[in-house]
Amino acid sequence: MGNAVTLIPAREQDRQLISKVEKEAGTSINLCYQCGKCTAGCPAAFAMDYPPRQIIRLLQLNLVDQALEAGSIWICASCETCSARCPRGVDIAALMDAMRREALQQGKITDKKVAAFNKAFLNGVKNFGKAYEAGLLMQYNLTTGQLLKDAGLGLPMMKRGKVSMLPHSIKGKDEIKKIFDRAEQLGGE
Amino acid sequence: MKEFAYYPGCSLDSSAIEYGMSMERTADILGIKLVELEDWSCCGATSGHNTDHLLSLALPARNLAIAEKMGLNVLAPCAACYSRHRAAEHAIRSSKSMGDKIREVIDMDVQGTVETLSILDVLANDIGPDQISQKVTKPLTGMKAACYYGCLLVRPVEITGFDDPEDPQSMDKIVKATGATPIDWSYKTECCGAALVTSRPDVGNRMLYNVLRNAQESGADCIVTACPLCGLNLDMRQAAVEKEFKTKFNLPVFYVTELIALACGDTPKQAGSDRHFVDTLKYLSQIEVNRVRAASEKAEQKAEATESETEAPDPEATQKKIDAMLKGWQKNPAKMAARLIEDEERAAVLVEVMTGDKKKMTRLAELMVTDADKAVKAAEAFITAELKKKQA
């Protein structure tokens, strides 16, 4: 019985959520015949609770909450190897991407570090129009409580002209803020 | 002349500053005109598409709108910038409703009329390896390079499409044109761990380790990349990975444009190669030794071959050769001096001597035709005498 999946009747809201994720990703989970080629080629599968094939299987079984709470969707590095190799043309990477965004919206973030990194990165872009690497690391370290992470790399990077303490703004940084705001307003449509 | 709207992206003047420097040198050397996009902004990178789909398309679309006004295709050396701009183009072209939404978000017109190109595509397919090798003055002899494409230059296939996603060749061709030897290996397009190396080093470092190990086991003595994040991870984090996995790689990491600049005569400093974390300078001086050795062996072989072929040299033909050599000295003394003297500074002194003394020029031209070894010795003697004279 160890490996058996407990089948529960699908709820309509789960079905709708799966369709939404599929639409966002522009792909269909029903194409997948579970060959496992995606997982075989996934360079991060070793660290995943549910590797890519099983994420799709969860969705095929309408177990969408379990899929959204999987650590795997945050381990996926978006390398696109799975999508390039899938013999059925399932865009697994896009699915993973759409799942991350859905999990983020629902506040189901099983890997706070990756989400904190993304937030810190985009914060720099929103404020200055360009990535602000020093600020990114400082914010990331603060929000994840790893104050001294990579601190030893700061000076060697500065010596090589690879990081500056102060951000560089673009002239149109106000435009960028507006792009963020309007994308948020229109994105849910 | 090829002309592009240049999108350096955030990395090329910070964490991948040597990529930016060598990109500009490469453009100069190969006659590519780069017009930087006016007030460009960040493409959002992976964090963008992880967070908000529409935002991840709108951010690069703003840059595309600027490029459309310039009427130029975009050159984006960074793999992530390239990928995100291609994704935005693709979205604008393939769906009117998505295009409308993007235009509304950026409050600018954008129609997807320009194309974003990667540096590998431009170098391998627009410029071509032949044009590159013609410019090479200091071939990277003996360099065994693992050409590392990573993910986003070759995937997703619908968005990239200029090379094979499993066994790409464009960088191999470029690297070969610089005189280096691209090795065959299996991790060409395997992921380096990207942002996971920072956010989840427990996962990312192993991915990095796998790539480094495969390069080493396949016989590479350096890695070449065209992606700033791959470059930074492989280079800056190599020491940490070595420590974690109790091994030594000592693999210098270069951007593909550095190899072009170096092979076309730039110093490591000009190409930005002194800014890496894994030492490149010692490695590059070894490559230089290889090159000089190979060049002199080749010259010896050639001399032996001509000696045995022609027992008695035809005086008329010899005179013709001397005249041609003399013409060379008058037209381009720097090039001729470089043939005899490796050291740039000493070669410059030789140029000074030659251009100031017709007699010495004729003598050296004669020697270069009749006895190459003596010609080098004479040139060295001229330089030493001149330097002594200057000191006195």
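Lettering follows sequence order; numbering is per chain, from 1.
With a threshold of 4.5 angstrom between heavy atoms, A:Asp181 does not approach chain B through any atom at all. In this structure, no portion of B:Ser83 lies under 4.5 Å from any heavy atom of chain A. Using a 4.5 Å cut-off between heavy atoms, A:Val125 contacts chain B through its side chain alone, with no backbone atom that close. Using a 4.5 Å cut-off between heavy atoms, B:Leu55 contacts chain A through both its backbone and its side chain. With a 4.5 angstrom heavy-atom cutoff, A:Ser164 does not touch chain B via any of its atoms. Heavy-atom distances place both the backbone and the side chain of A:Thr81 under 4.5 Å from chain B. B:Glu38 touches chain A through its side chain: at least one heavy atom from C-beta onward sits under 4.5 Å away, while N, CA, C and O do not. With a 4.5 angstrom heavy-atom cutoff, A:Leu153 touches chain B only via side-chain atoms. Within the 4.5 angstrom heavy-atom criterion, atoms from both the backbone and the side chain of B:Ile106 approach chain A. If you measure heavy-atom distances from A:Lys173 to chain B, you find no contacts under 4.5 Å at all. B:Leu232 touches chain A through its side chain: at least one heavy atom from C-beta onward sits under 4.5 Å away, while N, CA, C and O do not. Proximity to chain A (any heavy atom under 4.5 Å) is shown, for B:Asp107, by both the backbone and the side chain.
Using the six-membered ring where Trp is involved, B:Phe162 and B:Tyr82 have ring planes that are perpendicular, over 60° apart on the 30 and 60° scheme.
Annotation: maximal heavy-atom pairing with chain A below 4.5 Å, among B:Leu54, B:Ile17, B:Asp39, B:Val154, occurs at B:Asp39. Between chain A and the options B:Ala194, B:Ala195, B:Cys151, B:Gly204, heavy-atom pairs under 4.5 Å are most frequent for B:Cys151. Chain A forms more heavy-atom pairs under 4.5 Å with one residue of B:Met207, B:Arg200, B:His49 than with any other, namely B:His49. The greatest number of non-hydrogen atom pairs below 4.5 Å with chain A, out of B:Ala16, B:Ser14, B:Ala240, is found for B:Ser14. Counting heavy-atom pairs closer than 4.5 Å to chain A, the top residue among B:Ile102, B:Leu59, B:Asp202 is B:Leu59. Between chain A and the options B:Pro201, B:Gly272, B:Ser41, the largest number of non-hydrogen pairs under 4.5 Å is found for B:Ser41.
Salt bridge annotation for A:Lys130-B:Asp13: present, with a cationic side-chain nitrogen under 4.0 angstrom from a carboxylate oxygen. With respect to the salt-bridge test (charged N to carboxylate O, under 4.0 angstrom), the residues A:Arg160 and B:Asp274 do not qualify. Using a cutoff of 4.0 Å between basic side-chain nitrogens and carboxylate oxygens, B:Asp100 and B:Lys96 are scored as salt-bridged. In summary, B:Glu18 and A:Lys162 engage in a salt bridge, as defined by a charged side-chain N under 4.0 Å from a carboxylate O. Under a 4.0 Å N-O distance rule, the pair A:Glu24/A:Arg101 qualifies as a salt bridge. B:Arg275 and B:Asp235 are not joined by a salt bridge, as no carboxylate oxygen comes within less than 4.0 angstrom of a charged side-chain nitrogen. Using a 4.0 Å cut-off between charged side-chain N and carboxylate O, B:Glu166 and A:Arg85 make a salt bridge.
Of the N and O atoms on the side chains of A:Asn118 and B:Ser47, at least one donor lies less than 3.5 Å from an acceptor on the other residue. A donor and an acceptor atom, one from each side chain of B:Arg86 and B:Thr160, are nowhere located under 3.5 Å apart.
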(request) Under the side chain to side chain donor-acceptor pair (under 3.5 Å) rule, what do B:Ser170 and B:Asp163 come out as? Steps first, then yes or no, please. (result) CA-CA 7 Å; B:Ser170 51; B:Asp163 209 335; 2.6 Å; yes
